[in-house]
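These notes concern the structure reproduced below.
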Amino acid sequence: LIRKETATLKEVISTRDDIMLYLIFKGVKPKTAFKIAESVRKGKGLTLEYEETMREKDVPEWYIDSCKIIKYLFPKAHATAYVMMSFRIAYYKVYFPEAFYATYFSVRILDFDADLFIKDKDFIRAKWIEYDKKGNNATAKEKNTITLMEVVYEMYTRNIKLLPVDLYKSAADKFIVTEDGILSPLRSLQGLGLNAALSIIKERSKSPFISIEDLRERTKISKTVIEIMKNHGCLNGLPENNQISLF
């Protein structure tokens, strides 16, 4: 409609409030205007009675046609709130990038894979392209991972580091901003659940772990979780068992 110059940007329908206020302005009774707006915003279109009412008040045909094809409309306040929030998020992304990325990743912790994302940016980019080429054949998890890869790659290009999980410093499920970079939480390891993470944090606050055996006995975490942590490297330097070799 805008390209054909049938209507201007200001005239076309963008929110549900537009319909009700416009129809009232054209002389339609407020109650009827509200009912028409509700019908359109739910994607139910117009009844023949509504169409006749609108034509009687000289509502243009393009406007009536628009009402018949619209599937859903936001309320104006809702749309405005989204735009305001977008500006706020953009502000933090530009001026407080570490805090932005730490928060973004924390919200998406279930899809985050620390083993994958601590790789260098070239590896991330290659993996991102590989998943993206799958198109509709990509799994739901892969699609979610693609979005995270894009943000992680962007973060690396801004020279912000993602630090691997640390047995003693990492939080349970929140990314922490440090002087060296953003520290990954325990739950960012795929397969390490919240209960295991909380158990590790509880026990490490009492005393350091003297071995992997000690870690498992005190936290009650499974062998699978131990292997996940070993593969990531956060158990490096920790002996297998409690026995002390004298030689």
Side-chain angles (χ1 to χ4, degrees), residues 81-201 204 215 221-222 224-238:
Y82 267 57
V83 173
M84 291 171 66
M85 183 57 67
S86 297
F87 274 105
R88 291 190 183 105
I89 291 172
Y91 176 85
Y92 281 101
K93 189 174 184 179
V94 172
Y95 296 105
F96 299 92
E98 292 87 356
F100 168 83
Y101 292 118
T103 303
Y104 184 91
F105 297 147
S106 294
V107 170
R108 290 157 180 79
I109 187 68
L110 295 180
D111 293 314
F112 203 90
D113 185 348
D115 285 328
L116 171 63
F117 294 136
I118 59 170
K119 309 288 186 182
D120 61 57
K121 70 177 183 180
D122 292 332
F123 178 89
I124 298 295
R125 185 173 184 275
K127 204 70 176 177
W128 172 15
I129 293 171
E130 176 190 331
Y131 280 18
D132 192 48
K133 283 182 178 178
K134 292 185 178 182
N136 293 330
N137 293 324
T139 64
K141 186 171 181 59
E142 287 174 338
K143 289 177 181 178
N144 290 336
T145 303
I146 289 172
T147 303
L148 279 167
M149 283 179 180
E150 184 177 358
V151 179
V152 172
Y153 180 77
E154 175 192 273
M155 180 185 72
Y156 280 147
T157 61
R158 299 178 76 182
N159 295 319
I160 299 172
K161 293 182 179 179
L162 179 69
L163 305 178
V165 175
D166 188 291
L167 178 61
Y168 291 106
K169 296 178 183 178
S170 290
D173 55 2
K174 302 293 182 185
F175 288 77
I176 301 172
V177 176
T178 72
E179 291 183 358
D180 298 319
I182 298 173
L183 179 62
S184 302
L186 293 165
R187 283 201 72 194
S188 64
L189 294 175
Q190 293 288 302
L192 197 158
L194 181 59
N195 289 336
L198 293 176
S199 182
I200 292 169
I201 290 174
R204 79 185 184 190
L215 168 66
I221 59 178
S222 67
T224 302
V225 172
I226 290 291
E227 287 303 311
I228 290 169
M229 297 177 74
K230 276 184 180 180
N231 294 335
H232 188 70
C234 49
L235 299 185
N236 290 348
L238 204 60

Gap between atom OG1 of T224 and atom CE of M229 - 0.5 Å precision: 13.0 Å
Sub-4.5 Å side-chain heavy-atom contact between F175 and Y101: no
Test item: M155 and V151 side chains (from C-beta on) under 4.5 Å apart, heavy atoms: no
Closest non-hydrogen atom pair between V94 and P97, with its separation: O-CD, 3.9 Å
NZ/K169: more than 12 non-hydrogen atoms of other groups inside 6.0 Å: no
Donor-acceptor pair, side chain of N236 and main chain of G233, under 3.5 angstrom: yes
Any donor-acceptor N/O pair, E130 side chain to K127 backbone, under 3.5 Å: no
Minimum-distance pair of heavy atoms, taken over all atoms of C234 and V165: CB-O, 3.2 Å
side-chain contact (heavy atoms from CB on, under 4.5 Å) between I182 and L163, intermediate numbers included: CA-CA 6 Å; I182 298 173; L163 305 178; over 6 Å; no
Pairwise distance CG(L116) to CG(L148) - rounded to 0.5 angstrom: 9.5 Å
G181 versus T178, closest heavy-atom pair with distance: O-OG1, 2.6 Å
Candidate pair L238 and L167, rule side-chain contact (heavy atoms from CB on, under 4.5 Å), full reasoning: CA-CA 10 Å; L238 204 60; L167 178 61; 4.2 Å; yes
From H232 atom NE2 to D113 atom CG, the distance as rounded to the nearest 0.5 Å: 9.5 Å
Validation row: R158, K93 side chains within 4.5 angstrom (heavy atoms): yes
Separation between CE of M149 and CD1 of I129, rounded to the nearest 0.5 Å: 10.5 Å
Any D166 side-chain heavy atom under 4.5 Å of S184 side chain: no
Shortest non-hydrogen contact between P164 and S170, atoms and distance: O-OG, 4.5 Å
Close aromatic pair by centroid cut-off 6.0 Å: Y92 and F96: yes
Parallel, tilted or perpendicular, as decided by the 30° and 60° cut-offs, for the rings of Y91 and Y95: tilted
Heavy-atom side-chain proximity of D173 to L194 below 4.5 angstrom: yes
Sidechain-backbone polar pair: T103 side chain, A99 backbone, donor-acceptor under 3.5 Å: yes
L162 side chain reached by Y156 side chain, heavy atoms, under 4.5 Å: yes
Note, E150 side chain near R125 side chain (heavy atom, < 4.5 Å): no
Atom pair CD1 (I124) and OG1 (T145), whose distance is rounded to the nearest 0.5 Å: 10.5 Å
Results of side chain to side chain contact (heavy atoms under 4.5 Å, CB included) for K230 - residues two or more places apart only: I212, I226, E227, L235, E240
K174 side chain near I109 side chain, heavy-atom distance below 4.5 Å: no
Closest approach of A172 to I201 (non-hydrogen atoms, all atoms of both residues): N-CD1, 3.3 Å
Distance, nearest 0.5 Å, that separates CG of L215 from CZ of R204: 11.0 Å
Salt bridge K161-E98, side-chain N to carboxylate O under 4.0 Å: no
Residues F105, V152; criterion side-chain contact (heavy atoms from CB on, under 4.5 Å); working and verdict: CA-CA 9 Å; F105 297 147; V152 172; 3.7 Å; yes
